[in-house]
Amino acid sequence: MSQPSHTPFTHFDVADASARAARVRVMVFDVDGVLTDGGLRYGPAGEVIKTFDSLDGHGLKLLAEAGIVTAIITGRQSDIVARRAADLRVAHVYQGVHDKREAFEDLCAKVSAAPEACGHIGDDWPDLPVLTRVGFAACPANAHVEVKARCHWIGATRGGEGAVRELCDFILRAQGRYDALLAEALA
């Protein structure tokens, strides 16, 4: 799972990632660089504007339909994130977090889940304390090389541009739930 920091790490063991994704009962998402493209746009009143991908959002809803608990742990505090989480019915939202590991441990206690039954998708160093503890570590294509070196799954798409949906589909396929959810959508 570890790769030297100077080596571009763009591949992963699909069989191992699939086996790990099959065990995920709780999936944790970072925001900036994962659910968004990582850009911080400032409005005229100094407010931060973030853009979320609607396909990613539907992926989170599909995970919830499949019985997977979804959570957000992010270093920034934002009303926009609170609103998006509410829209997606993400019950566990930790914002303004300095120590993501501590927030993750609190989440595990709240939902009675072992770290091995959890997954996390992050893109930068602040995510490493969680990524190195979960059973299934994931990142988007544009994640920092040190993050990629420690992930079981690396998306082909960038954060905020479909990486989360790609991940959700991967988890649903690994758990044998993708086809049934698709059949419901087609009914």
Asks: Consider side-chain contact (heavy atoms from CB on, under 4.5 Å). Of Val147, Asp123, Asp30, which one does Leu131 pass it with?
Replies: Val147

Asks: Would you say Ile73 ends up clustered with Leu128 if hydrophobic residues are merged whenever their side chains have heavy atoms under 4.5 Å apart, either directly or through other cluster members?
Replies: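 In one cluster: no.
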
Asks: Which distance, rounded to the nearest 0.5 Å, do you find between the CG of Asp87 and the CG of Leu60?
Replies: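 Answer rounded to 0.5 Å: 12.0 Å.
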
Asks: Can you hop from Leu182 to Leu172 via hydrophobic side chains spaced under 4.5 Å?
Replies: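 Linked within one cluster.
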
Asks: Less than 4.0 Å between a side-chain N and a carboxylate O, is that true for Lys61 and Glu65?
Replies: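 Judged by the 4.0 Å cut-off on N to carboxylate O distance, Glu65 and Lys61 do not form a salt bridge.
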
Asks: Looking only at atom types and distance, does a side-chain atom of Asn142 sit under 3.5 Å from a main-chain N or O of Gly159, one as donor and one as acceptor?
Replies: yes

Asks: If we only count heavy atoms from C-beta on, is the Val134 to Val28 side-chain gap below 4.5 Å?
Replies: no

Asks: How long is the gap from CZ on Arg158 to CG on Asp37, to the nearest 0.5 Å?
Replies: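 The CZ atom of Arg158 sits 8.0 Å away from the CG atom of Asp37.
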
Asks: Any heavy-atom pair between the side chains of Thr70 and His92 that's under 4.5 Å?
Replies: no

Asks: NE2 of His144 to SG of Cys139: how many Å apart, nearest 0.5 Å?
Replies: 11.5 Å

Asks: Just wondering, are more than 12 heavy atoms of other shown residues or ligands nearer than 6.0 Å to CD in Gln77?
Replies: yes

Asks: Kindly give the heavy-atom pair with the smallest separation between Leu88 and Gly57, and that separation in Å.
Replies: CD2-O, 3.4 Å

Asks: Using every non-hydrogen atom in the two residues, find where Gly162 and Asp56 come nearest and quote the distance to one decimal.
Replies: CA-OD1, 3.1 Å

Asks: Does any part of the side chain of Val164, heavy atoms only, come nearer than 4.5 Å to the side chain of Val34, both counted from C-beta?
Replies: yes

Asks: Looking at Glu166 and Thr157, would you say the former's side chain and the latter's main chain have a donor-acceptor pair under 3.5 Å?
Replies: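 Judged by distance alone, yes, a pair lies under 3.5 Å.
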
Asks: I'd like to check Arg84 versus Leu35 (side-chain heavy atoms, cut-off strictly below 4.5 Å). Are they in contact?
Replies: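 No, their side chains stay 4.5 Å or more apart.
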
Asks: Indicate yes or no: at least one non-hydrogen side-chain atom of Thr51 is less than 4.5 angstrom from one of Arg41.
Replies: yes

Asks: Output yes when a side-chain donor or acceptor of Asp124 lies under 3.5 Å from a complementary backbone atom of Pro126, and no otherwise.
Replies: no

Asks: If we ignore hydrogens and angles and just use 3.5 Å, is the side chain of Arg101 paired with the main-chain N or O of Pro129 as donor and acceptor?
Replies: no

Asks: Keeping the roles fixed (side chain from His120, backbone from Ala137), state whether a donor-acceptor pair exists under 3.5 Å.
Replies: no

Asks: Run the side chain to side chain contact (heavy atoms under 4.5 Å, CB included) test on Ile171 and Trp153 for me, step by step, so that the C-alpha distance in whole Å, both residues' side-chain angles and the decisive distance to 0.1 Å come before the verdict.
Replies: CA-CA 10 Å; Ile171 293 168; Trp153 180 92; over 6 Å; no

Asks: Let me see the working for Leu63 and Val24 under side chain to side chain contact (heavy atoms under 4.5 Å, CB included), right down to the final yes or no.
Replies: CA-CA 10 Å; Leu63 288 184; Val24 169; over 6 Å; no

Asks: How many angstroms lie between OG1 in Thr36 and CD1 in Ile49, if you round to the nearest 0.5 Å?
Replies: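 The OG1 atom of Thr36 sits 13.0 Å away from the CD1 atom of Ile49.
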
Asks: When the ring planes of Phe136 and Phe170 are compared, do they come out parallel, tilted or perpendicular, using 30° and 60° as the limits?
Replies: parallel

Asks: Calculate, to the nearest 0.5 Å, the distance between atoms CG and CD belonging to Leu62 and Glu184 respectively.
Replies: 9.5 Å

Asks: Would Thr74 and Tyr94 satisfy side chain to side chain contact (heavy atoms under 4.5 Å, CB included), going step by step from the backbone distance to the final call?
Replies: CA-CA 6 Å; Thr74 181; Tyr94 296 80; over 6 Å; no

Asks: When you look at Val81 and Arg76, which way does the side chain to side chain contact (heavy atoms under 4.5 Å, CB included) test go after all the steps?
Replies: CA-CA 9 Å; Val81 171; Arg76 292 185 181 273; over 6 Å; no

Asks: What's the shortest heavy-atom distance between Asp53 and Gly160, and which atoms?
Replies: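 The pair with the smallest heavy-atom distance is CB-O, 3.5 Å.
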
Asks: Would you compute the distance between atom SG of Cys118 and atom CD1 of Ile68 and round it to the nearest 0.5 angstrom?
Replies: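 Going from the SG atom of Cys118 to the CD1 atom of Ile68 covers 11.0 Å.
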
Asks: Looking at every heavy atom in both Ala163 and Pro140, which two are closest together, and how far apart are they?
Replies: CB-CB, 3.7 Å

Asks: Specify the closest pair of heavy atoms between Arg133 and Pro115, including all atoms of both residues, with the distance to one decimal.
Replies: O-CB, 3.3 Å

Asks: Got a donor-acceptor contact below 3.5 angstrom from the Gln95 side chain to the Ser78 backbone?
Replies: yes

Asks: Output yes when a side-chain donor or acceptor of Gln175 lies under 3.5 Å from a complementary backbone atom of Ala21, and no otherwise.
Replies: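 Side chain of Gln175 to backbone of Ala21, a donor-acceptor pair under 3.5 Å: yes, one is there.
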
Asks: Does any N or O in the side chain of Arg20 come within less than 3.5 Å of the main-chain N or O of Gly135, such that one atom is a donor and the other an acceptor?
Replies: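 The answer is yes, because a donor-acceptor pair under 3.5 Å joins these two groups.
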
